[in-house]
Amino acid sequence: MAEDPVRRGDGGLDIKGAAYLPFTVMEDILEKLKLLDYEDGYLVKRGQRPISRTYFAVQGSPGEQFFVFSNLLSWLLGLCGRKFDAPLEDDDPNAVISNIISEIRSLGLNTDFPPSRLKSGYGDEVCYILNQLASKALETRRFAWGRPEYTEEDAQEEAIEDEPLDEQIDDEEIDEDCEEEIMVDVGESGAGMPGASGTGFENAAEVQRQENLLESNTDVLEWKMEVERVLPSLKVHLKHDKESVSQDWRTHLDSMLEYRKNMTTSLTSSKTQLDQMHQEITRTLEKIGSREKYINSQMEGPLEEYRRLKDRLAELENKYQTAGSTVTEQSRTLAQINEELETVKAQMDEKGTTMTDSGPLVKIKQAITKIKNELIQMELRIGVLQHVVLTAKVSDKTAMQRDMRIDDQFHDLKTAF
């Protein structure tokens, strides 16, 4: 089993290869789980479904993936000698993740990633943790890899690969052949095009089209499924006749020498065409440079005028902005003065209405008339009362005189007796 792949972001894998890293790690995880007998120890006992080769590498149902991940992790921790109860579906994911982080840290695993990455239940971090725990579980079980056992067919294929060649080709010659092949490919791509003797735009377009063909837009999952489907059909069965094998490699060597000769011949004509293209491109660039200098010299005056007008425009814009702010301030002051003027007008109108209103004067006259009438009635009542009092006094005086006369008469009678 290979070592654990470098996790994404550690600098050991390029950007394009990092996209396929989870699939590679998932292959290792499944192989290690099979060695740990997870079919009987995990699937049967816990009633789980088998895990596919891309289950934790691609996004699916977040809740289901996290539940399966946490259960599988609890089983692996149990194999590593750690007690970790399998979480339930309704448990808090944040609490489960916190417990997982503490357990894997206690095992000495790297946790330099945000814990929230585990909540989705898929991705590089999930695959990394499962792969490391599976490796720890194998170490706990003292699992050791044995020596590979080769079948007779594999041994014959290895013998064919180790068959010595009669004529050795140096590494330098192979490198030169590769370089010549590249040059021939470039020459052939530009030899048959009409742009080879012109501007070379069509040649550039053809090269760009060929480069675009190198970028595949095939879906990763479909590609993996197709590879798994056709993999059994890709096995090649070789004839193990040593004479035919010896004849095959000699034929291949002759073909290589012939191809090298053809490449050398083609390189001569291609190199001539490439030199012509280089000269034409150089002349075109020189013409473009001279034309550019001429245009710059002709446009120097208008450019200077344009800069001056641009500066003048900036200055006028600044003045306009200053005047605009002043106008805004004056408009605000005018609005305030108008409000004060309206208030003063309202007060003046109210006072004018009060001064020309005769209602209060009529009320005063009516009150004076009423008071005079009341005074007349009061004087009449006073006269009546005075008359009553005077009459009472006269009556009292008459009665008193009569009483006095009666008393005198009674006294006289008493004296007489």
Side-chain angles (χ1 to χ4, degrees), residues 61-64 66-67 87-99 101 114-120 305-417:
S61 177
E64 180 184 355
F66 180 75
F67 177 70
L88 303 177
E89 292 189 29
D90 55 352
D91 289 348
D92 185 13
N94 296 323
V96 175
I97 291 174
S98 178
N99 296 333
I101 293 296
S116 59
R117 296 285 186 87
L118 303 179
K119 194 172 184 179
S120 59
E305 181 68 16
Y306 170 74
R307 295 190 188 96
R308 186 182 64 81
L309 294 176
K310 189 175 181 180
D311 295 338
R312 178 63 178 171
L313 177 61
E315 183 179 357
L316 293 176
E317 286 179 350
N318 292 331
K319 291 182 178 180
Y320 172 76
Q321 292 178 357
T322 304
S325 60
T326 304
V327 170
T328 303
E329 185 67 25
Q330 295 296 332
S331 299
R332 190 181 299 109
T333 305
L334 177 61
Q336 184 178 359
I337 293 173
N338 288 332
E339 291 178 359
E340 294 178 356
L341 180 61
E342 292 295 334
T343 304
V344 172
K345 284 183 178 181
Q347 293 177 357
M348 291 179 64
D349 292 339
E350 184 179 358
K351 289 183 179 180
T353 303
T354 305
M355 292 175 64
T356 57
D357 190 7
S358 60
L361 182 60
V362 173
K363 291 179 180 179
I364 292 172
K365 289 181 178 180
Q366 292 176 354
I368 292 173
T369 303
K370 186 176 180 181
I371 291 172
K372 287 181 179 180
N373 294 332
E374 290 179 353
L375 288 175
I376 292 171
Q377 291 179 1
M378 290 295 293
E379 288 178 355
L380 181 60
R381 290 180 180 179
I382 290 171
V384 173
L385 291 174
Q386 288 178 352
H387 175 70
V388 172
V389 171
L390 181 60
T391 304
K393 287 182 178 181
V394 171
S395 299
D396 290 339
K397 186 175 181 181
T398 303
M400 186 176 60
Q401 288 177 358
R402 189 175 60 249
D403 292 337
M404 288 177 66
R405 284 195 301 267
I406 293 171
D407 290 336
D408 290 338
Q409 291 176 1
F410 179 74
H411 182 68
D412 291 338
L413 291 173
K414 186 177 178 181
T415 302
F417 288 107

Distance col, row R332:CZ vs L334:CG, nearest 0.5 angstrom, shows 12.0 Å

Got a donor-acceptor contact below 3.5 angstrom from the S331 side chain to the V327 backbone?
yes

Could you check whether atom CD of Q401 has more than 12 heavy atoms from other residues, nucleotides or ligands sitting under 6.0 Å from it?
yes

For F66 and L118 the tightest heavy-atom approach is CD1-O, 3.2 Å

Closest contact, heavy atoms only, L88 versus D91
N-OD2, 2.8 Å

Is it true that, when you exclude E305 itself, more than 12 heavy atoms of the residues, nucleotides or ligands shown sit nearer than 6.0 Å to its CD?
yes

Rounded at 0.5 Å granularity, tell me how far CE in M348 sits from OG1 in T343.
13.0 Å

With rounding to the nearest 0.5 angstrom, report the CE to CD distance, M378 to E374.
9.0 Å

By salt bridge (charged side-chain N to carboxylate O under 4.0 Å, His left out), E340 pairs with (sequence neighbours left out) none

Atom pair CD1/CZ of I97 and R117 - distance to nearest 0.5 Å
12.5 Å

Mind running side chain to side chain contact (heavy atoms under 4.5 Å, CB included) on E315 and D311 for me, showing each step along the way?
CA-CA 6 Å; E315 183 179 357; D311 295 338; over 6 Å; no

Name the one of L385, V384, T391 that satisfies side chain to side chain contact (heavy atoms under 4.5 Å, CB included) with H387?
T391

Pairwise distance CD1(I376) to CD1(I371) - rounded to 0.5 angstrom
12.5 Å

Gap between atom CG of N318 and atom CG of L313 - 0.5 Å precision:
9.5 Å

